[in-house]
Amino acid sequence: MADVNGHRVADQSLLDDEKSMLDNDPGGMLRATASAGAQVRESAALAAETDLTMLADEGRPRAVVVAGIGTAGLTGNILATVAGHRCPVPIIGHRSAGIPGWVGAADVVFAVSASGRSPEALAAAEAAVRRGARLVAIGNPDTELQAMAERARAPFIPVPRRAPARASLWGLAVPVLLAGRALGLVKVNEADLAETATRLDADAERCRPGADSFVNPAKALALGLAGSIPIVWGSSPLATVAARRFADTLAANARYPVMAGALGEAGRGRVGLLDGVFGGLAESSRDIFADTGDDEDDDTAATRLRLVLFRDGGLNPEDDADEPVAVEERRADAVQTLAERRGVRCDVLIAEGGSALERLASLTAVPDFASLYLALAHGLDPMAVPAISEMKELSNPMPEGIQ
């Protein structure tokens with residue numbers, strides 16, 4: 001396998017040498033991830049400079065479609081989650097080319113692309129204009145996406161690409177939220193943004209490369225996940241967005257297979273994984289008196305599940321919420337008890353903060369860093385993924401002259 005480097009067993013010593021760790025991160029993913037707070041401030045300022053009044057002038061839409069792929073696609077889930085169940089219109093994430101067939105003049109389409117060149121966002125913008133839907137474009141300036149927005153006289157919020165798309169979540173999410181606010185869909189004020197940025201800064205400091213594993217929550221989480229099959233569940237809609245984000249970063253950065261989803265759905269069937277060959281059956285054969293590192297050098301050692309539970313008790317819960325907070329909490333307690341009974345190890349991350357946006361940030365910062373440290377512990381460059389480059393080469397059509 002050309003250009004595939006690294007080693008199968010995670011090496012904690014690789015996370016204890018800051019210089020070596022930074023040398024193994026030539027793309028600067030650690031630095032880019034630490035810029036999350038700065039991304040919130042910069043993108044909020046850029047959105048404030050964009051005239052979004054035309055969105056409000058034309059009234060409330062029938063529906064909002066947020067079109068994008070990868071990290072850009074996750075911004076639709078963030079908008080829907082922060083807006084909450086009382087949002088007056090449906091918010092639909094669309095992660096393929098074009099837009100749904102029902103979209104028309106009564107709707108709004110957000111086309112989101114970190115590069116400003118993704119085929120999915122461009123196709124969505126073109127289709128929105130053709131069908132007469134209102135368009136909001138968000139992405140790298142001086143690109144085809146901006147040109148399409150200008151031709152359509154639609155708002156374009158520039159987000160300069162200062163980091164890889166995977167590390168640009170907050171730079172893309174904040175403009176989506178502020179455009180949603182202009183449409184009257186979500187309540188996000190400047191204090192919420194400031195507190196979110198401050199929390200992201202604080203978590204970046206706690207997770208800095210120079211902090212030892214016993215005081216760095218991201219390194220500790222990464223080492224706990226090493227060699228396992230992560231199962232990541234969220235107790236609420238907000239926590240589930242964070243869980244899916246963690247699954248995406250674990251797969252992309254650390255190349256780990258991950259299952260993620262909502263705890264309510266998992267309780268209907270997938271919780272049975274705790275009884276399976278990677279769960280309770282594997283744990284029942286563990287020697288409880290053996291050194292925890294004894295099986296690291298044994299290629300025949302069983303691969304085991306590692307449960308990561310994102311919990312969010314909610315803030316000022318509403319009586320008519322689809323899923324009462326008490327139900328979410330009981331379900332999360334039950335899953336932790338099930339895991340404990342079966343010997344399946346479980347990490348729990350609990351949301352903190354005074355707003356939905358800040359609570360979401362509190363559940364994404366440490367996991368984002370953890371995915372990078374897990375990659376580095378395996379000797380992997382978290383940014384360079386040979387399979388992605390090969391996939392593009394194999395799937396892109398060859399020029400006609402050399403076919």
Side-chain angles (χ1 to χ4, degrees), residues 5-6 10-46 70-72 74-75 113-116 139-141 158-175 193-194 196-213 215-223 225 242 245-246 248-256 360-386 388-389:
N5 300 310
D11 183 352
Q12 180 174 349
S13 67
L14 295 176
L15 302 184
D16 295 331
D17 184 342
E18 181 179 1
K19 182 180 184 304
S20 176
M21 195 164 25
L22 295 176
D23 289 342
N24 290 328
D25 180 27
M29 286 291 286
L30 285 167
R31 182 176 62 254
T33 301
S35 74
Q39 290 179 33
V40 171
R41 299 182 184 92
E42 180 184 38
S43 58
L46 292 169
T71 301
L74 190 62
T75 62
S113 170
S115 67
N140 199 26
V159 181
R161 188 168 185 178
R162 308 191 192 284
R166 273 175 277 153
S168 301
L169 175 64
W170 292 99
L172 296 172
V174 169
L193 294 171
T196 298
T198 299
R199 179 168 294 277
L200 289 168
D201 287 343
D203 283 338
E205 174 63 21
R206 290 198 300 144
C207 299
R208 67 191 185 279
D212 293 332
S213 300
V215 294
N216 186 322
K219 289 183 181 180
L221 179 58
L223 293 170
L225 289 171
R245 163 68 176 178
F246 191 28
D248 288 344
T249 57
L250 279 174
N253 296 332
R255 285 63 137 177
Y256 265 54
L360 181 62
S362 75
L363 290 177
T364 59
V366 172
D368 276 2
F369 277 102
S371 70
L372 300 176
Y373 288 130
L374 186 54
L376 293 168
H378 281 283
L380 297 167
D381 178 348
M383 183 172 173
V385 186
I388 294 178
S389 301

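Keep in mind that the numbers below use all heavy atoms, side chains included, and drop hydrogens, waters and symmetry copies.
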Engineer: Of the non-hydrogen atoms in Arg41 and Thr198, which two are nearest, and what is the gap between them?
Structural biologist: NH2-N, 3.9 Å
Engineer: Any chance the side chains of Asn216 and Arg208 put a donor and an acceptor closer than 3.5 Å?
Structural biologist: no
Engineer: Inspect the contact between Lys219 and Asp16 and indicate whether a charged nitrogen and a carboxylate oxygen are less than 4.0 angstrom apart.
Structural biologist: no
Engineer: Among Thr71, Thr249, Asn253, whose side-chain hydrogen bond (donor to acceptor under 3.5 Å, both in side chains) with Arg166 holds?
Structural biologist: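 Only one option passes, and that is Asn253.
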Engineer: Taking all non-hydrogen atoms of both residues, which atom of Leu374 and which atom of Ala222 are closest, and how far apart?
Structural biologist: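 Closest heavy-atom pair between Leu374 and Ala222: CD1-O, 3.4 Å.
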Engineer: Return yes if some donor-acceptor pair links the side-chain N/O of Ser20 with the main-chain N/O of Asp17 below 3.5 Å, else return no.
Structural biologist: no
Engineer: How about Asp368 and Thr33: do any of their side-chain heavy atoms sit closer than 4.5 Å?
Structural biologist: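 The answer is yes; the side chains approach within 4.5 Å.
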Engineer: Does a side chain donor of either His378 or Tyr256 reach within less than 3.5 Å of an acceptor in the other side chain?
Structural biologist: yes
Engineer: The criterion is side chain to side chain donor-acceptor pair (under 3.5 Å); which residues satisfy it with Asp381, sequence neighbours excluded?
Structural biologist: none
Engineer: Does the pair Val366 and Phe246 meet the rule for a side chain to side chain contact (heavy atoms under 4.5 Å, CB included), with working shown?
Structural biologist: CA-CA 10 Å; Val366 172; Phe246 191 28; over 6 Å; no
Engineer: Provide the closest heavy-atom pair for Glu18 versus Gly210 in the form atom of the first, atom of the second, distance.
Structural biologist: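 Shortest heavy-atom separation between Glu18 and Gly210 comes out as OE1-CA, 3.5 Å.
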Engineer: First locate atom OG of Ser113, then atom CZ of Arg161, and finally report the distance between them rounded to the nearest 0.5 Å.
Structural biologist: 7.5 Å
Engineer: Hey, does Pro217 have a side-chain heavy atom less than 4.5 Å from the side chain of Cys207?
Structural biologist: yes
Engineer: Calculate, to the nearest 0.5 Å, the distance between atoms CG and CG belonging to Leu376 and Leu30 respectively.
Structural biologist: 5.5 Å
Engineer: What are the two closest heavy atoms between Ala44 and Leu193, and how far apart are they?
Structural biologist: CB-CD1, 4.0 Å
Engineer: Checking Asn140 side chain against Ala114 main chain: does a donor-acceptor pair fall under 3.5 Å?
Structural biologist: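 Looks like no, no N/O pair under 3.5 Å.
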Engineer: Would a 4.5 Å heavy-atom cut-off, applied to side chains only, mark Asp25 and Leu372 as touching?
Structural biologist: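 No, their side chains stay 4.5 Å or more apart.
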Engineer: Could you tell me whether the side chain of Leu200 reaches within less than 4.5 Å of the side chain of Glu205, counting heavy atoms only?
Structural biologist: no
Engineer: Could you tell me whether the side chain of Ser168 reaches within less than 4.5 Å of the side chain of Val159, counting heavy atoms only?
Structural biologist: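 The answer is no, as the side chains (C-beta and beyond) never meet within the 4.5 Å cut-off.
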Engineer: So, for Ser362 and Arg199, which heavy atoms are closest and what is the spacing to 0.1 Å?
Structural biologist: CB-CD, 3.5 Å
Engineer: Indicate yes or no: at least one non-hydrogen side-chain atom of Tyr373 is less than 4.5 angstrom from one of Pro382.
Structural biologist: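 Result no, sub-4.5 Å side-chain heavy-atom pair not found.
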Engineer: Identify the heavy atoms of Leu380 and Gly6 that sit nearest to each other, and give their distance.
Structural biologist: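 It is CD2-CA, 4.2 Å.
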Engineer: Check Lys19 with Asp23, please: is the shortest side-chain N to carboxylate O separation under 4.0 Å?
Structural biologist: yes
Engineer: If we count only N and O atoms by modelled type, under 3.5 Å, do the side chains of Gln39 and Ser43 hold a donor and an acceptor together?
Structural biologist: no
Engineer: Thr364: what forms a side chain to side chain contact (heavy atoms under 4.5 Å, CB included) with it, not counting sequence neighbours?
Structural biologist: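 Testing Thr364 for side chain to side chain contact (heavy atoms under 4.5 Å, CB included), a comparison that skips the adjacent residues, returns Trp170, Ala242, Arg245, Leu360.
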Engineer: Starting from the C-alpha separation in whole Å, work towards a yes-or-no answer on side chain to side chain contact (heavy atoms under 4.5 Å, CB included) for Leu225 and Leu250.
Structural biologist: CA-CA 10 Å; Leu225 289 171; Leu250 279 174; 4.3 Å; yes
Engineer: Can Arg162 and Ser35 be said to form a side chain to side chain contact (heavy atoms under 4.5 Å, CB included), step by step?
Structural biologist: CA-CA 10 Å; Arg162 308 191 192 284; Ser35 74; over 6 Å; no
Engineer: Measuring from atom CE of Met29 to atom OG of Ser371, what distance do you get when rounded to the nearest 0.5 angstrom?
Structural biologist: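 Between atom CE of Met29 and atom OG of Ser371 there are 7.0 Å.
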Engineer: List the steps, then state whether side chain to side chain contact (heavy atoms under 4.5 Å, CB included) holds for Phe369 with Asp203.
Structural biologist: CA-CA 9 Å; Phe369 277 102; Asp203 283 338; 5.9 Å; no
